[in-house]
Amino acid sequence: MSKELIRLRNVCMAFDDELVLDNINLYFNDKEFLTLLGPSGCGKSTTLRIIGGFTTPTSGDVIFDGVRINDIPPYQRQVNTVFQKYALFPHLNVYENVAFGLRMQRLPDPNDPTGKKKVKIPEEEIHQRVMEMLEVVSLKGFEHRKPEALSGGQQQRVAIARALVNRPKVLLLDEPLAALDLKLRKDMQIELKRIQQQVGITFIYVTHDQEEALTMSDTIVVMDKGSIQQIGTPEDIYNEPKNAFVADFIGESNIIDGIMVRDNEVQMYGKKFPCLDGGFAPNEPVDVVIRPEDIDIVPVSQGQLIGTVTSVTFKGMQYDIIVDFKGFKWLIQTTDHCPEGERIGIKIDPDGIHVMKKSKYSGMFGDYSSFSEEYDEMGDATLASDEEDSADEE
Amino acid sequence: MKKNSTLNRLLVVLVFLFLYTPILLLIVFSFNAGDSSIVWKGFSLDWYGKLFNNRLIMQSVYTTLLVSFLATAIATLAGTFAAIGFYAMRRRTRNLLNTVNNIPMMNADIVTGVAMCLLFVAFFNYWNDFAAWFNTMQRFVELPMLYMGFGTLLIAHITFNIPYVILSVSPKLRQMDKNLVDAAMDLGCTWMQAFWKVILPEIKPGIVSGALTAFTMSIDDFIISYFTAGTSSSTLAMTIYGMTKKRVSPEVNAISTLLFLTVLMLLVIVNVREAKAEERKARSASLPVYGADYQPPKKSVVLAKKAATGVLVCLVIGGMLVIRHSAKAERVVNVCSWGEYIDESLIEQFEAQTGITVNYQTVSDNETLYSQLKTGGADFDVVVPSDYMVARLIAEDMLAEIDYSNVPNFDLIDQRFKNLSYDPENKYTVPYTWGTVGIIYNTTMVDEPITSWSAMFDPKYAGEVVMIRNSRDALAAGLLYLGYDVNTTDTAQIQEAYQLLADAKAQGVYQGFYMDEIFQKMEGGNAAITMYYAGDYLSMLENNPDLAFVVPEEGSNWFVDAMCILKDARNKTEAEEWINFIASTDCNLANMDYIWYASPNAEALEQYPDYYLETYEEELDPGIYEIMAAPEETLERCTLYRNLPAEILKLYNDLWTKLGI
């Protein structure tokens, strides 16, 4: 896309002998919206803090514009951060919060030929830039307010304005939307993307919400347990997950044990299915990913597989139905209503089948035996709070 | 609940009455024209006026304020940084440290006080030994000797203040968003800048309330100060305590009223601050959205604020420097006496005449003085113990011989008061005051004039007699009544005197055993008979004209308080100058008029009636003068206490304990 701006080379991070980041190699391009995505404790926030300069990696290099910056303190980096829960300065009003970074800046004195003398940014310029930035985040007229008198969404915008007003080369965002309600979160996703395009700088965004990642990102980095699982565009990540973890974490997936009989043919449940994948050894055991929306329900007689509906949930646009195929439960999303207990046939097009190599995650995901909506949501909630707790400890 | 509301209200009123009556009474009597704490003699501001002219009080107010300000400033600084340090630690370490921090606050003050006192004494002992050795070994550097004083007082106050600051700053730090510092650093602050611009404003309320708490604690502290101030400085609370030992002068009411109001004001300030913060918060939420361009605060306003702060800081520092300069007088003399025992204008006169700064301290009684001298750390030059204590100090080689060629006014001392039993060759002492002990009684409460010690043991006066709360004096009354010598070492005689007391006590003769309260009891007409000092009788008489004084026919005790110089005095020359000054006739007249105790100066004794006539434009009642300065024939009936041998002192103690008061 464009030139490389930041590179992490062999970065490892350990807290108390516990490896939090395991040999991370990653680069960030200029003007790109990149998301670090993963569950709590995967190391994404730590990665962000290393780029921001709040944490020094145990080993490895952080390179910014070709220069190693491991030991450069945060206040000398051309990077600004939007923190979880915003971290606005409570004793300053909106204007002063946004102006804070500019007031701290010292520029070389244009009248001093040696360039050693530093001067403050003139007050008029500060005023102009602050007002400009408040305009960008649609907060004109709120200059007097203290942060406590703002709504969550408004505080969020102040935090973004406060970071962007310094014209950083990179903006780091640490789960910035986690504290907002669903509706606001959706609006802010679009808003953030718009702002990024307007100011034209690199955004590095950390989240555990896969939908947020898919909506906004140019590139997604999926992380788990301190390692990068996959890097790619949202489409790549969704359509061509590298392993069961990615497949499961991004969207819903049925992951079935299979055998790659030969190129373009995979065997599941003893039956052969045509597919578009190749490059495996003959009869290599593989994981097969089938997205719930890629499955067609057909009469039993025409089905490639035949199973029994065990539960049906109405979701508005579609039904989520759980179908038992020989003890392994699949999630299927369909617009057709199938009553519980009915036997149905299914059909999968070759491009609906995605074959992955076996990995350490094989067998851990993709079975919907214990599926229930509450369970899923509860899982998300604990994810979010776990993240905070682990941050607390540091 | 409603049916109980009357009862509830009554209860609330009672609770408040219970809480505030003593304070109200104190405030009311601080405006009393008379000098009693019981008898109202009309409104006046005299006591406040006297207060501001009372050198001792003003000096201690000054000491208190200085130590409180300094201790608050240093403790606030140290406590704030300690809290930040705690905050940066791991949770388990932090919790442990917080617990450790809380212990000193829970700990009994007396334990803290004694512990610090012991530490200082021990350290200074070793240091002074070392310094003395070091100074004799070489002549290039002279190490100073260290004594307890303002420095140790300050250290103690800082020590007990720090935990309060930590306690009030810590929660503010915990409430603070942890990312604030990161955010500030992200926006271009170094750690130090982040501290000033972000952490400090955030925890400021905690720091302010911590500082206010520390300040209040410092002003309020008595016990820890008492043990660590040494002898050369005295806080207000210590001075008030010293003053109440003899009798509660309404000056104490006045200063206590002011102290109460000061603390009240501090409390109001704290509360108003909190209320305002709430209000600001509420207002901020309802601010309108401005359409017009926002302008940051004018530079001139910010500058003015900064300038004002700067000026304030300069004033404080400047003030401290001036104070320090004035406190560093070249020549000083450290005097220790009893409370309310000098006309304080004399101190100023002396300072003006000689340029010597007088460090005037008080202690409550001979025994306290003795223990202070014994435990070390005291750096008095001149003390004014009573006869028997002088004997004891001489016996223990604690006094320096006086060079009488430097004290020419010693010649003015009446021959009757020279070469007395406690200092037979008069090498160590110059008498300060003298007086008799006798029976004080209320003429309206007894049938006939009292002339004998028997009145103190007579069941006829059951419940009307107040016995002095002092084993030596109480047993002396018994010994005198039985016709024995007050200095007897015959244990049988002492036992007999004890039995007399015990029987009278069993028969309900005594309303109680008191010292200071005797003033209130007698002035208020709550007791008929007691025994006390002649000089104090005269003070009581001003508030209750029905009181009479008698030196019983069996004889009595008389006493001399004498000025002595301590063996390890550092300012012996100045001490002799002071003693000579006080021994002058003018000083003796002024003192006699002020404290109502008789002077040993022959000229002063003779001139006092004329002095009185000149000052008050009325004749001095010769009867009163006779009580104040007992005539030769009365004095002949009286005996000075001698220092008793240790086993007899122990017997006194044991019997006193056995009497069970």
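Note that the structure is a prediction, hence the values are computed from the model and not measured. Residue numbers begin at 1 in each chain, while the letters A, B, ... track the order of the sequences. The analysis underlying the following values was restricted to heavy atoms, covering all of them including side chains, and did not include hydrogens, waters or symmetry mates.
- Between A:Met104 and B:Leu187, the shortest heavy-atom contact is CB-O, 3.6 Å.
- Rounding to the nearest 0.5 Å gives a distance of 10.5 Å between CZ of A:Phe89 and CD1 of B:Ile199.
- Of the atoms belonging to A:Leu88, it is backbone heavy atoms, and not side-chain ones, that fall under 4.5 Å from chain B.
- Nearest heavy-atom pair, B:Lys197 versus A:His91, reported as atom, atom and distance to 0.1 Å: O-NE2, 3.0 Å.
- Here B:Leu261 pairs with B:Thr257, B:Leu264 under the side chain to side chain contact (heavy atoms under 4.5 Å, CB included) rule; sequence neighbours left out.
- Partners of A:Arg7 by side chain to side chain donor-acceptor pair (under 3.5 Å), not counting sequence neighbours, listed by chain and number: A:Glu4.
- Annotation: maximal heavy-atom pairing with chain B below 4.5 Å, among A:Gly53, A:Pro168, A:Pro90, A:Gly101, occurs at A:Pro90.
- Atom CD of A:Gln198 has more than 12 heavy atoms from other residues, nucleotides or ligands within 6.0 Å.
- Residues B:Asp177 and A:Ala87 approach most closely at OD2-CA, 3.3 Å, considering heavy atoms.
- In this structure, B:Asp186 and A:Thr81 approach most closely via the heavy-atom pair OD2-N, 2.7 Å.
- Interface remark: A:Asn80 contributes backbone and side-chain atoms alike to the contact with chain B (heavy atom separation under 4.5 Å).
- Sorted by first then second residue, the ring pair (Phe, Tyr, Trp, His ring centres under 6.0 Å) pairs that include residues 36-56 of chain A, not counting sequence neighbours, are A:Phe54-A:Phe83.
- Interface with chain B: from residues 67-78 of chain A, residues A:Pro74, A:Tyr75 qualify, criterion being any non-hydrogen pair under 4.5 Å.
- The local environment of CH2 in B:Trp191 is crowded, with over 12 non-hydrogen atoms from other residues, nucleotides or ligands closer than 6.0 Å.
- Looking only at heavy-atom pairs under 4.5 Å with chain A, the residue among B:Cys189, B:Ala194, B:Pro201 that has the most is B:Cys189.
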